[in-house]
Chemist: 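Dropping a structure here in structure tokens format, bear with me for questions.
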Amino acid sequence: SALKVTGTVIKNFNMSLIESVEQEMNVLAHFARGLKNSEFFPMLQPKVNLMTGEIESFEALARWNSTDLGVVSPTLFIPVAENTGNIYKVDLEIFKKVLLWQKQRHDAGLKLYQVSINISPSHFYNPAFVESSIALIESYKVDPKFIKFEITESVELENVIRAKKIIDELQQLGIETSIDDFGVGYSSLSYLQELPFKEIKIDKSFVDNLANPRMNAVIKTIIQLSDNLNMVSVAEGIETEEQHLELKRLGCQVGQGYYYYKPMLIEQINELLNQQLKTSFSK
Ligand code: C2E
Ligand code: MG
Ligand code: MG
Ligand code: MG
């Protein structure tokens, strides 16, 4: 293990530690400017209905095109944003750009799609979260049913009473919620029973191991459970036809992954939706 006291391991450990600290400080130094210049934008990844093969909704994934650093991955800047208390600003920037896209489609008389926005737990528990979200949606004159919030399963969801109150309020306002990365966090089955999520996203690490019979049984059970609780099951990170066919066979309702589409720029999505006929996966 990494903690073994041998020369080589310690050396490698320190090297990577120093590299990651340097990288983080580099990101941090430019982060405030990135926010100020609104360098954060969403890529949209289609979610595909496994029965019909059609695109039914999207997930917005944050990207940072930094003037100083080039394109920075969210796996790098999100921890920095979290640690500096700025993650809600990134969430909001993405949210606004998604609302603008929907308003533009609405004004052009085009079909609207629901878009999922990732909300970090600290943002989700902010007392102003529900009110400011609905105010923002209204200011763009978008129907709240076209917005869904994805909350990563985290230890903070253990605060079930607060979480339930927020999810209920959102639901009453017409905004659906989704539990992201299900299975790898701190979930207990009692969450699912108490929290009125509309959707459950089965983590990619489960999908990756679908061929393992024990994992297959676990996924099958999650899908059945989500059916029984009237939740929509979504599998993340589908990369192969085998995974696609097996998830469909297990009754999973929605799929997302490179097998169908990678996250794309809004302009590319507009083009894709214009040529909808070519875009269905009906295997
Ligand atoms: P997530 O919400 O679970 O999003 C799924 C991640 O898997 C995305 O990574 C997506 O690009 C990637 N992905 C999708 N399909 C495939 C596939 O078939 N294969 C592989 N290898 N990867 C796939 P991304 O965009 O790097 O985002 C990473 C995480 O960062 C997200 O995980 C989410 O937790 C967080 N994140 C992204 N945007 C935001 C945001 O606006 N706000 C907050 N708070 N978090 C965000
Ligand atoms: Mg997500
Ligand atoms: Mg996820
Ligand atoms: Mg994930």
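Remember, predicted model here, so these are calculated numbers, not experimental data. Atoms considered below: every heavy atom in the structure, side chains included; atoms not considered: hydrogens, waters and symmetry mates. Counting starts at 1 for both ligands and their atoms, in listed order.
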Chemist: What atoms of ligand 1 come closer than 4.0 angstrom to any heavy atom of S120?
Modeler: 44 (N)

Chemist: Is R33 salt-bridged to E39, going by a charged N under 4.0 Å from an acidic O?
Modeler: no

Chemist: Could you list who else is in L265's hydrophobic cluster, with ILVMFWY side chains joined at under 4.5 Å, directly or through other members?
Modeler: F41, M43

Chemist: Determine yes or no for a side-chain-to-main-chain donor-acceptor pair under 3.5 angstrom, with D91 supplying the side chain and S120 the backbone.
Modeler: yes

Chemist: Using modelled atom types and a 3.5 Å cut-off, is there a donor and acceptor pairing between side-chain atoms of E199 and backbone atoms of I179?
Modeler: no

Chemist: Any idea which atoms of ligand 1 are less than 4.0 Å away from a heavy-atom of P263?
Modeler: 11 (O)

Chemist: Under 2.8 Å from the Mg ion (ligand 2), which protein N, O or S atoms are there? Could you list them by chain and number?
Modeler: E59 OE2, N118 OD1, E150 OE1, D180 OD2

Chemist: Please state whether the rings of F124 and F129 are parallel, tilted or perpendicular, taking 30° and 60° as the class boundaries.
Modeler: tilted

Chemist: Consider every N or O of Q45 and every N or O of ligand 1, then say whether any pair is closer than 3.5 Å.
Modeler: yes

Chemist: Judged on heavy-atom distance to atom 21 (N) of ligand 1, which of Q243, E82, K262, E239 sits nearest?
Modeler: E239

Chemist: Residue-level breakdown please: for Q256 versus ligand 1, do any non-hydrogen atoms fall below 4.0 Å on the side chain, on the backbone, on both, or on neither?
Modeler: neither

Chemist: Could you see which bit of H123 sits under 4.0 Å from ligand 1, with heavy atoms only: side chain, backbone, both or neither?
Modeler: neither

Chemist: Could you tell me whether some N/O pair between S73 and ligand 1 is separated by less than 3.5 angstrom?
Modeler: no

Chemist: Would you check the N or O atoms of E236, main chain and side chain alike, for any that come under 3.5 Å of an N or O of ligand 1?
Modeler: yes

Chemist: For V142 and I137, which heavy atoms make the closest approach, and how far apart are they?
Modeler: O-CG2, 3.1 Å

Chemist: Determine whether a donor-acceptor pair (N or O, by modelled atom type, separation under 3.5 Å) exists between the side chain of N212 and the backbone of M215.
Modeler: yes

Chemist: Backbone or side chain, does any N or O of A62 fall under 3.5 Å from an N or O of ligand 1?
Modeler: yes

Chemist: Which one holds for D181 and ligand 1: side chain close, backbone close, both close, or neither close, with close meaning a heavy atom under 4.0 Å?
Modeler: side chain

Chemist: Which ligand 1 atoms does G257 reach within 4.0 Å, using its non-hydrogen atoms?
Modeler: 15 (N), 18 (O)

Chemist: Verify the distance criterion only: is there a donor paired with an acceptor across the side chains of H244 and Y260 at less than 3.5 Å?
Modeler: yes

Chemist: Taking the side chain from N49 and the backbone from T52, do they hold a donor-acceptor pair closer than 3.5 Å?
Modeler: yes

Chemist: Check whether the side chains of E246 and N216 place a donor and an acceptor atom closer than 3.5 Å, and report yes or no.
Modeler: yes

Chemist: Please confirm whether M43 comes under 4.0 Å of ligand 1, counting heavy atoms of the residue only.
Modeler: no

Chemist: Does the residue K201 have a heavy-atom contact with ligand 1, meaning some pair of atoms that are separated by less than 4.0 Å?
Modeler: no

Chemist: Without hydrogens or angle criteria, can the side chains of E56 and Q114 be said to hold a donor-acceptor pair below 3.5 Å?
Modeler: no

Chemist: Below 4.0 angstrom, N of the basic side chain to O of the carboxylate: do E150 and K201 qualify?
Modeler: yes

Chemist: Indicate yes or no: does an N/O atom of N118 lie under 3.5 Å from an N/O atom of ligand 1?
Modeler: yes

Chemist: Do NZ/NE/NH1/NH2 and the carboxylate oxygens of E93 and K97 come within less than 4.0 Å?
Modeler: yes

